[in-house]
Amino acid sequence: MEPVTIRELYAQKENYLNKKVQINGWVRTVRSSKTFGFIELNDGTFFSNLQVVYDESLPNYKEVAKLGAGSSIRVSGQVVESPGAKQSFELKAATIEIEGLASADYPLQKKRHTFEYLRTIAHLRPRTNTFSAVFRVRSVAAYAIHKFFQERDFIYVHTPIITGSDAEGAGEMFRVTTLDFDKTPRNEQKEVDFTKDFFGKETNLTVSGQLEGESYCMAFNKIYTFGPTFRAENSNTPRHAAEFWMIEPEIAFADLSDNMKLAEDMLKSTISYVLEHCSEEMNFFNSFVDKSLLDRLGNIVRAKFGHITYSEAIEILKKSGERFEYPPEWGFDLQTEHERYITENHFGKPVFVTDYPKEIKAFYMRMNDDDRTVAAMDLLVPGVGEIIGGSQREERLEVLEKRIDELGLNKEDYWWYLDLRKYGGARHAGYGLGFERLIMYLTGMTNIRDVISFPRTPKNAEF
RNA sequence: UCCUCGAUAGCUCAACGGUAGAGCAACCGGCUGUUAACCGGUAGGUUGUAGGUUCGAAUCCUACUCGGGGAGCCA
């Protein structure tokens with residue numbers, strides 16, 4: 001008999017009622033009495049469990065009654081209406097074969113565990129309600145993002161993970177090397193001689209695929225990347241990880257407002273898709289993680305995102321009457337407390353903040369006509385903060401070269417990036433979306449370590 | 001990296017200078033429709049590590065390690 005999944009049972013209950021089926025899955029709990037008992041079975045395909053009823057007619061009744069949580073079993077039997085209040089149908093077991101026992105020290109209990117504890121058993125936590133919901137949403141959201149871009153004729157570009165460019169400008173990098181640390185080759189100046197290294201030069205893990213993405217944008221018009229990114233920042237916060245996934249679209253013949261339109265459409269489309277396709281998971285989050293989640297996400301899909309310039313934001317903050325730890329001042333970056341005030345108190349919805357002072361933004365962002373701000377945009381969302389950062393890129397070769405000089409950067413390092421402006425450079429814009437931050441926003445989970453399977457953070461690379 | 005709070009049984013917590021406890025899990029037994037099942041019993045601890053104060057330290061002090069929250073860096 002072909003095994004059926006619990007997802008199929010829930011989706012087409014009528015087709016299976018009073019039919020014989022086989023289900024393979026893992027035991028969540030067993031409740032046994034003298035002559036019969038119940039098993040909560042989860043097969044990984046659906047958020048809800050299947051209740052299996054068994055009795056002493058099973059030849060291995062005694063072993064089944066003693067099954068511990070976590071054990072894997074194969075159950076054959078008939079799908080029947082359930083008299084119980086908590087499920088409409090159940091599986092009346094004819095046979096239960098034990099595939100693999102879980103020993104008595106199985107660390108997951110029926111009781112609620114803290115997320116901190118579950119992080120120490122990250123290899124087992126996908127078997128819990130919360131993490132099964134998180135990682136199904138993560139998978140569906142990833143699909144929704146690909147679907148969004150593919151349907152709009154964006155080309156999915158795989159930018160390199162090992163980069164020879166040490167000038168991506170987005171943070172501290174992890175070095176990639178095959179050199180022997182005990183006897184590193186040195187040149188005459190006693191510096192490490194990277195010409196002896198695997199690539200013959202210094203290489204690192206990428207902190208952003210943007211620069212390479214721009215190159216493909218100048219060929220395909222609309223591209224996106226979706227891949228892992230690495231930052232060696234000593235950031236100890238619930239919103240930062242050393243390894244995380246980022247989506248970076250780049251569009252040609254487009255300006256900052258096209259860019260924001262794209263970002264807004266993408267977010268709304270992704271949220272709608274997840275709400276529609278993960279209703280059990282989303283209801284679970286709304287009940288047990290964040291009671292305002294569904295209201296908030298529903299509002300986002302319907303709302304028009306706010307738009308203000310950095311300069312307007314500073315004025316709003318100054319007039320707010322709020323006592324900020326860091327008083328808002330033009331020319332200084334917005335503090336977390338400022339961003340929270342803008343998005344949570346002043347607007348109560350996602351807000352694009354645009355046109356930041358050039359001093360606090362990256363060299364590649366397009367200079368505005370005022371010569372003091374650049375065409376940058378950050379999207380701030382309630383609860384999570386900055387979820388998207390992007391800009392219109394500087395397409396004018398001489399302006400870009402001037403900016404590189406002003407910032408004391410080395411033009412040779414950007415030779416191929418400057419070529420893109422030299423050979424048919426076009427206006428273009430793009431942004432980076434932190435995928436984990438999107439998942440936090442979608443699920444209400446408050447720690448990035450709980451929305452990535454095996455989180456890498458400072459001092460933590462177990463598993 | 002800075003500030004702040006914390007670490008006691010497998011898990012979640014109590015004991016707040018004077019004999020380390022409970023619930024759950026585990027183990028043994030009972031129970032004819034349970035659903036965080038229920039009832040009875042058993043076992044489980046150098047109180048994160050290293051020092052110090054004290055007649056006496058889980059409790060007070062110092063350092064370190066790890067974790068939470070906040071900040072910076074950002075996505």
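Everything quoted here is computed from the prediction, not taken from an experiment. Lettering of chains follows the sequences in order, A, B, ..., and the numbering in each one begins at 1.
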Atom pairs, N/O to N/O, protein against nucleotides 63-68 of chain B, distance under 3.5 Å?
residue, atom, partner, partner atom, Å
B:rG68, OP1, A:Arg119, NH1, 2.6

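Nucleotides B:rC16 and B:rG30 are separated by 41 Å at their C1' atoms, to the nearest Å. Taking atom C1' in both B:rU54 and B:rU59, one finds a spacing of 13 Å when rounded to whole Å. Rounded to whole Å, the separation between the P atoms of B:rU1 and B:rC64 comes to 11 Å. B:rU47 and B:rG6 have their C1' atoms separated by 14 Å, with the value rounded to a whole Å.
Among the heavy atoms of the strands lying under 4.0 Å from A:Lys66 are primed sugar atoms or P, OP1, OP2 only; no base atom is included.
Closest approach to the A:Met246 side chain among B:rC24, B:rA75, B:rA71 is made by B:rA75 (side chain taken as heavy atoms from C-beta onward). Nearest to the side-chain atoms of A:Thr336 among the listed nucleotides B:rU34, B:rA71, B:rC11 stands B:rA71.
Tested against A:Glu250 for a salt bridge (Lys or Arg N to Asp or Glu O under 4.0 Å), the candidates A:Arg427, A:Arg393, A:Lys222 yield a single pass: A:Arg393.
Taking side-chain N and O atoms only, A:Ser235 has no distance below 4.0 Å to OP1 or OP2 of B:rC73. In this structure, A:Lys110 does not reach the B:rA36 phosphate: none of its side-chain N or O atoms is under 4.0 Å from OP1 or OP2.
Of the residues in residues 70-109 of chain A, those with a non-hydrogen atom less than 4.0 angstrom from any atom of RNA chain B are A:Ser82, A:Pro83, A:Gly84, A:Ala85, A:Lys86, A:Gln87, A:Glu90, A:Ala104, A:Gln109.
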Toss me the dot-bracket line for RNA chain B: Watson-Crick and G-U wobble, both under 3.5 Å, 5' to 3', using | for pairs to another strand and [ ] for crossers.
(((((((..((((....[..)))).(((((.......))))).....(((((..]....))))))))))))....
